[in-house]
Amino acid sequence: MVGGADRVSAVTGGAVLRAGPRIFTGAGRRPRDEKDSGPETTGEEEPETSGRLRRIPVPPLAVPAALLAASPAVGVIPAVASAVGRAGALFTDTGGYRRTVLDGRTAAAPVYVPPHWQTTGILFGLLSTALAITLATLAVRRPVHTGTAALLAPLRRLQSGHIGDYVAWLVAGTALLTVLTVPGVR
């Protein structure tokens, strides 16, 4: 049975993999009517291009391509994984930061134990990846029309894409997290 974290990884990966082909290649079904395509931002917004692009420009593709090409190195080449792990340990060492900033002493590097491969971890990773690809493929090729659009319409109206909505939800989320975590800090 796939664990909770693996299911979350699979669904998140599936959503990202579904969005890529839909956004960059126009895969999947087109909306029947422009009115059905969902809410859009309005106002004085200028279009980024003068018309529909026939292909994606190279710069927006270069960064994801470079990251995808380099990402296997973290898992396959032990020296890269160790260097990234040590950098992460230094970055999250709050005590070391405090000593360096407040006391003026260079903090010793925190102890870092490199991760080791386990068969179960590899199998769960492959299973999550396969499930993500399956979910994305099904979502692009056979979108489910269950009437959820009508149920989600009020929620979509709360986030229309305006910058003010992003700011409002950021403040609301921060306030909620503060209310939920402050009692545990004391």
Side-chain angles (χ1 to χ4, degrees), residues 1-43 45-76 80-81 84 88 115 117-174 176-177:
M1 189 71 183
V2 178
D6 295 311
R7 282 181 280 190
V8 170
S9 296
V11 171
T12 303
V16 170
L17 291 174
R18 173 187 117 357
R22 292 211 29 101
I23 292 169
F24 293 114
T25 66
R29 295 183 185 165
R30 297 204 181 275
R32 291 184 203 121
D33 188 6
E34 288 296 319
K35 295 174 188 168
D36 294 338
S37 64
E40 293 184 10
T41 57
T42 57
E45 198 170 318
E46 296 279 332
E48 292 182 12
T49 61
S50 59
R52 187 167 177 87
L53 298 175
R54 295 195 188 282
R55 64 180 191 86
I56 302 167
V58 173
L61 289 178
V63 172
L67 289 172
L68 284 172
S71 63
V74 175
V76 176
V80 174
V84 170
W117 293 76
Q118 293 180 337
T119 306
T120 55
I122 294 169
L123 292 176
F124 276 135
L126 292 172
L127 183 62
S128 293
T129 303
L131 188 56
I133 291 169
T134 302
L135 289 172
T137 303
L138 287 174
V140 169
R141 293 193 177 178
R142 300 180 195 181
V144 179
H145 300 290
T146 60
T148 55
L151 293 172
L152 294 176
L155 195 58
R156 287 181 184 259
R157 276 189 234 114
L158 291 173
Q159 171 51 289
S160 66
H162 289 102
I163 188 69
D165 289 346
Y166 288 106
V167 172
W169 283 110
L170 177 67
V171 170
T174 303
L176 178 64
L177 285 174

Locate the shortest heavy-atom distance separating Leu17 from Ala136; write the atom from each residue and the value. CB-CB, 3.5 Å

Say you draw a straight line from CZ of Phe124 to CG of Leu131; how long is it, rounded to the nearest 0.5 Å? 12.0 Å

When every non-hydrogen atom of Gly13 is compared with those of Ala132, the smallest separation belongs to C-CB, 3.8 Å

Grab the two heavy atoms, one from Ala73 and one from Val80, that are nearest each other, plus how far apart they are. O-CB, 3.7 Å

Least distance between heavy atoms, Ser128 atom then Ala10 atom: O-CB, 3.6 Å

Considering non-hydrogen atoms only, spot the tightest contact between Arg18 and Ala139 and give its length. CD-CB, 3.1 Å

Thr12 side-chain N/O to Ser9 backbone N/O, donor-acceptor pair under 3.5 Å: no

Shortest non-hydrogen contact from Leu61 to Pro64? O-CD, 3.5 Å

